[in-house]
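Have a look at the structure below, then the notes.
Letters go in sequence order (proteins before strands), and every chain restarts at 1. Note that these values count all heavy atoms, side chains included, but never hydrogens, waters or copies made by symmetry.
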2 protein chains.
Amino acid sequence: MGIADRKEREKLEMKRLIMEAAMRMFVEEGYEKTSIRNIADKIEYSPATIYLYYKDKDDLLYDVQGQAFEQLLRTFREKAVSKSPLKKLEQISKAYVQFGLEHPDLYDLMFIIRAPMNKVEKEEAWLNGEGCFQFLLDCLEDCTAQKLLRFRDKMVAALSIWSMVHGLVALNVRCRFKVMKMEEDGVRHAIDTAIEDYLKMIKN
Amino acid sequence: MGIADRKEREKLEMKRLIMEAAMRMFVEEGYEKTSIRNIADKIEYSPATIYLYYKDKDDLLYDVQGQAFEQLLRTFREKAVSKSPLKKLEQISKAYVQFGLEHPDLYDLMFIIRAPMNKVEKEEAWLNGEGCFQFLLDCLEDCTAQKLLRFRDKMVAALSIWSMVHGLVALNVRCRFKVMKMEEDGVRHAIDTAIEDYLKMIKN
DNA sequence: AAACTTACTGAACAGTGTTTAGTAAACCAA
DNA sequence: TTGGTTTACTAAACACTGTTCAGTAAGTTT
């Protein structure tokens with residue numbers, strides 16, 4: 001049945017149209033400041049139409065999140081290519097921080113925003129997030145196999161490294177480093193030094 | 001003039017009444033879910049009254065934030081009492097993480113929420129936050145003076161350690177460790193191990 | 001051509017932060 | 001004590017939010 005196929009295609013296209021408009025606006029204005037009405041205006045449909053494709057605003061966020069994680073994973077695959085596990089770990093860490101600093105609003109909705117993860121459902125949308133984590137985990141597997149790191153447990157290593165880089169990005173994104181009364185360049189340099197130091201310290 | 005004094009007192013009392021109700025509700029329900037109308041209902045005043053004491057919801061948040069930082073600083077002073085700088089640093093770090101895990105909504109509004117810090121004003125409310133940071137800085141001063149840490153720069157040390165503990169708490173509070181598919185106890189244990197490992201690694 | 005299905009929307013509901021005009025009580029000067 | 005002024009407060013409105021639902025018009029099938 002050609003018609004049913006076409007309708008299926010059109011439905012997916014429409015969903016994509018909504019998602020891409022939403023993503024653009026989340027990145028430009030932030031999640032909270034982007035309303036369903038704003039998105040509807042942008043794509044020239046009624047707000048109610050969006051609810052024919054997404055259950056609620058969170059559902060839309062899940063989809064954008066999936067897209068964002070895919071983008072991060074692509075960045076990893078592009079930038080973390082070294083064959084040396086330690087060098088690769090460094091590339092991952094730096095790519096992560098750079099991603100966070102360059103796309104603060106995207107980072108926000110991936111790692112800081114409250115909304116998702118509350119419901120156990122929506123595992124598909126979360127799959128790309130798992131892909132990113134797995135990328136780190138695989139690298140750490142290689143590192144620990146060769147006893148290159150001072151961590152005993154692979155999971156503790158992952159949790160530690162992730163926390164370190166997330167802490168750097170999150171505190172910066174939320175302007176908490178302001179308490180240090182440094183210029184923006186100084187903070188950026190301190191962040192770079194911090195990650196450099198950290199990577200040295202975890203080496204065996 | 002006794003009457004003017006009393007009025008002044010009453011004004012401060014009223015402001016305190018609002019702030020304490022707000023803080024209780026922020027902690028119980030979270031900042032976003034607590035509306036000005038809810039707070040007004042709780043203290044049995046009209047919503048408009050709150051605006052006679054606070055410019056807007058952010059202004060109220062600043063005040064609550066100040067209170068929360070005071071609470072954290074008290075915790076530091078209680079729990080980080082060792083004369084050994086390294087031991088004291090450990091006590092600070094653990095107190096911080098424990099505070100974050102025990103009061104997630106308070107932690108949220110201190111270190112994760114977007115609202116404040118945007119305006120340069122409001123330095124008074126931010127003073128307690130500086131107090132907390134200074135507490136860490138003083139400890140690090142002692143550490144680096146005796147060359148006990150592997151950091152060269154005091155500020156980089158502060159930024160690193162803070163990022164580490166914030167990362168642990170923030171990712172946990174926002175349920176991002178769910179990607180690791182561990183039970184809650186396992187995560188908690190991994191966090192403890194991570195901080196233990198980190199403190200060992202930064203030692204000279 | 002009639003019946004059915006689909007895609008969409010206008011309007012409403014209940015909530016939000018915030019402002020303003022108005023009121024009633026408290027206070028002060030005569 | 002009276003009259004005027006200041007203070008403390010509020011009801012109601014404004015402009016927004018996410019979300020739902022009845023209704024419509026076009027597309028599809030019989």
Item to check | Step-by-step ring-ring contact (aromatic ring centres under 6.0 Å, His included) determination, B/F111 to B/Y96 | outcome: CA-CA 12 Å; B/F111 296 109; B/Y96 184 97; 5.5 Å; yes
Next on the checklist: Does D/dT17 have OP1 or OP2 under 4.0 Å away from a side-chain N or O of A/K57?
Outcome noted: no
Checklist entry - Rounded to the nearest Å, what distance is computed from the CD1 atom of residue A/I36 to the P atom of nucleotide D/dC16? => result 17 Å
Checklist entry - Whole-Å distance between D/dC16 P and A/D41 CG? => result 11 Å
Checklist entry - OP1 or OP2 of D/dA8 sitting under 4.0 Å from any side-chain N/O of B/K11? => result yes
Checklist outcome for this item: From CG of A/L52 across to C1' of D/dC21 the rounded distance in Å is 11 Å
Checklist entry - Among the nucleotides D/dA11, D/dT20, D/dC9, which one has an atom lying closest to any side-chain atom of B/A48? => result D/dA11
Checklist entry - In whole angstroms, how far is the P atom of D/dC16 from the CG atom of A/N38? => result 10 Å
Next on the checklist: If you assign A/S46 and B/R37 each to the DNA chain C nucleotide with the nearest heavy atom, which residue ends up on the more 5' nucleotide?
Outcome noted: A/S46
Item to check | Lys/Arg-Asp/Glu bridge criterion (N-O < 4.0 Å) met for B/E20, B/R16 | outcome: yes
Next on the checklist: Looking only at the aromatic ring of each residue, does the gap between the centers of A/Y198 and B/F151 stay below 6.0 angstrom?
Outcome noted: no
Checklist outcome for this item: Comparing nearest nucleotides in DNA chain C, the 5'-proximal residue of the pair B/Y51, A/Y45 is A/Y45
Next on the checklist: Does either side chain, that of A/Q134 or that of A/D138, offer a donor lying less than 3.5 Å from an acceptor on the other one?
Outcome noted: yes
Item to check | For atom CD of B/E13 and atom C1' of D/dA8, their distance in whole Å | outcome: 15 Å
Checklist entry - Going by an N to O cut-off under 4.0 Å, is there a salt bridge joining A/K94 and A/D192? => result no
Item to check | Length of the line joining A/R9:CZ and C/dA7:C1', which is rounded to integer Å | outcome: 17 Å
Checklist outcome for this item: A/I18 CD1 to D/dG18 C1', in whole Å, measures 15 Å
Item to check | Phosphate OP1/OP2 of C/dC8: any A/Y53 side-chain N/O under 4.0 Å | outcome: yes
Next on the checklist: Taking 4.0 Å as the cut-off, does a side-chain nitrogen or oxygen of A/T49 come that near to OP1 or OP2 on C/dC8?
Outcome noted: no
Checklist entry - Is B/S35 touching bases, backbone alone, or none of the nucleic acid, heavy atoms closer than 4.0 Å? => result sugar-phosphate
Next on the checklist: Rounding to an integer number of Å, can you tell me how far A/D56 CG sits from D/dT17 P?
Outcome noted: 17 Å
